[in-house]
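See below for the structure under consideration.
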Amino acid sequence: MTPAELSRTVRRAVCRAVEDDALPGPVPERVTVERPRPGGRGDYASNIALRLAGQAGRPPREVAEIVRASILRSAADSPPGAASATSPGAAPGIDRIEITGPGFLNFTLARDSRAELVRTVLRAGQRYGYGDALAGTSVTLATSDEPRAALWTDTVVGLLRSQGAAAEIVPGASERLRPLPAPAGDDLFARLGPDAARWGLLRPAAHDRPQTGAELLVQRESNPLFRVRYAYARTRALARNAARLGITPDHGITPAPTPDGTSEVTGHDSATALLLTALGDHPAVLEAAARLRAPDRLARHLEHTADAFLRFQETCRPLPLGDEKPSAAHRSRLALADAAGAVLAGGLSLLGIDAPAYL
């Protein structure tokens, strides 16, 4: 289950509570789901009960109980087998729902949900994270002669379209994006090349100065652009080496449990969990980058995903070593590496940056 799917699950529960007269309307257009803050629990949390408490005239924790009960009722009405195997009373893909603090809903995902996340990414490929959150929205952005603003505008249009919006650039449009400009007279694309120039202009936030120095060309992990592209190249190298060894990534089934009773792809190892978290967050990052006109959010997320993948491949060894025989764990790790590669390549594509298979 992705954050977007969880958000829709919670919103449907709120709709049901309103239909049952357990809560008053209107139903919010969007339900925010994010990583738990200090004191929270599980994989994701939502503040929807705090948002609804005022119009409901009830304490947030009471509203949270109503929403939680609505989710559980929806699970009870689901077809047999749809509920989580590890917690039959929870909703499909959710193992546990807890209420913390003043009324935060905290969700722990089911193990098979984490395995399904990998399959979801692999099915969508580089378009994973594209959605219809902004369907029906029409956005026109003004043209700009300033290089950074022009690139920023063009990239935002692509992000908006990835979320279902009808977006275009129109001379004289009322919405104009104004990131801090690049140095006048400096042809970054000629001096740095298109990929480094685009990263230098898009990676800093709009209110920050663009990066224009030679550090963008350094072929070391101290350079975030190199690190992101290197991580993608490593995913391709793993795939090539696996093919030479006759090992097929486990794209379709949940791998067998490890000796400690956990499943390799479900993320009980910290490095695997960190990478799964980055992949699961990708759709929400794309939506936020589009809504906020902020491609820098996507660039930072790609850095985070690359770092998570590089740690994962060092810690979990997707390929057997020496005389070690290939196992279900290796196949599941290769599938997770393929999923990471899809996210990195898709994100770089939205920024207009090449994802090299060899580096």
Side-chain angles (χ1 to χ4, degrees), residues 2 35-36 42-44 108-122 128 219-251 253-282 285 300-348 355-359:
T2 67
R35 291 294 167 187
D43 297 303
Y44 294 100
T108 299
L109 301 186
R111 291 182 183 179
D112 58 350
S113 177
R114 297 185 179 109
E116 178 60 29
L117 170 61
V118 176
R119 293 193 289 269
T120 297
V121 177
L122 294 172
Y128 168 66
Q219 300 295 290
R220 289 198 300 268
E221 291 190 23
S222 58
N223 174 8
L225 172 59
F226 172 79
R227 207 160 63 242
V228 171
R229 300 175 84 208
Y230 172 70
Y232 174 74
R234 285 298 305 150
T235 70
R236 298 302 84 218
L238 286 170
R240 291 191 298 270
N241 292 334
R244 281 196 287 269
L245 294 171
I247 307 173
T248 303
D250 181 357
H251 287 207
I253 61 172
T254 303
T258 56
D260 66 356
T262 65
S263 175
E264 184 69 31
V265 83
T266 59
H268 293 277
D269 166 88
S270 61
T272 308
L274 186 67
L275 181 54
L276 283 166
T277 296
L279 301 186
D281 287 346
H282 187 66
V285 170
R300 289 196 297 275
H301 178 66
L302 293 180
E303 286 182 39
H304 175 65
T305 302
D307 291 341
F309 169 74
L310 292 172
R311 178 184 171 191
F312 161 78
Q313 70 147 7
E314 296 253 340
T315 304
C316 298
R317 290 193 292 109
L319 293 175
L321 292 178
D323 295 331
E324 185 182 6
K325 293 186 180 298
S327 67
H330 291 118
R331 290 191 288 273
S332 70
R333 293 168 191 165
L334 286 168
L336 184 51
D338 278 351
V343 167
L344 292 169
L348 286 170
Y358 296 87
L359 193 62

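Residue numbers start at 1 and run along the sequence shown. Not measured: the values here are computed from a predicted model.
Using a 4.5 Å heavy-atom threshold, the side chains of P320 and I247 count as touching. Residues P326 and L245 are not in side-chain contact: their nearest non-hydrogen atoms beyond the backbone lie 4.5 Å or more apart.
Take R35 and apply the salt bridge (Lys or Arg N to Asp or Glu O under 4.0 Å) test, not counting sequence neighbours, and it matches D281. For A243, the side chain to side chain contact (heavy atoms under 4.5 Å, CB included) test picks out no residue, with sequence neighbours left out. With sequence neighbours left out, the ring-ring contact (aromatic ring centres under 6.0 Å, His included) criterion links H304 to no other residue. Taking A233 as the reference, L359 meet the side chain to side chain contact (heavy atoms under 4.5 Å, CB included) condition, with sequence neighbours excluded. In this view, D307 and R227 satisfy the side chain to side chain donor-acceptor pair (under 3.5 Å) rule, not counting sequence neighbours. Remark: R317 engages E324 in a salt bridge (Lys or Arg N to Asp or Glu O under 4.0 Å) (not counting sequence neighbours). Listed by chain and number, the residues in a salt bridge (Lys or Arg N to Asp or Glu O under 4.0 Å) with R234 amount to none (sequence neighbours excluded). Residues satisfying the side chain to side chain contact (heavy atoms under 4.5 Å, CB included) criterion with A342, sequence neighbours excluded, are V121. For R244, the side chain to side chain donor-acceptor pair (under 3.5 Å) test picks out N241, with sequence neighbours left out.
No salt bridge links R333 with D338; every basic N to acidic carboxylate O contact stays at or beyond 4.0 Å. Of the charged side-chain nitrogens involved, at least one lies within less than 4.0 Å of a carboxylate oxygen, so that E116 and R119 count as a salt-bridged pair.
D43 and P36 make their closest contact through O-CD, 3.3 Å (heavy atoms, listed as atom of the first residue, atom of the second, distance). Pairing each heavy atom of G42 with each of T108, the nearest pair is CA-OG1, 3.2 Å. Closest heavy-atom contact between L279 and A339: CD1-CB, 3.8 Å. Smallest separation of non-hydrogen atoms from L275 and A340: CD1-CB, 4.1 Å. Across L344 and Y232, no two heavy atoms sit closer than the pair CD1-N, 3.8 Å. Among all heavy-atom pairs drawn from A242 and L334, the shortest one is CB-CD1, 3.6 Å.
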Evaluate side-chain contact (heavy atoms from CB on, under 4.5 Å) for H301 paired with T305, printing each intermediate quantity in order. CA-CA 6 Å; H301 178 66; T305 302; 3.4 Å; yes
Given E303 and V228, is the side-chain contact (heavy atoms from CB on, under 4.5 Å) satisfied, shown in steps? CA-CA 6 Å; E303 286 182 39; V228 171; 4.1 Å; yes
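To the nearest 0.5 Å, atoms OH (Y128) and CG (L117) are separated by 4.5 Å. Between the CZ atom in R331 and the OG1 atom in T248 there is a gap of 8.0 Å [rounded to 0.5 Å]. We find the OG1-NE2 distance between T277 and H282 to be 14.5 Å, quoted to the nearest 0.5 Å. Rounded to the nearest 0.5 angstrom, L336 CG and F309 CZ are separated by 8.5 Å.
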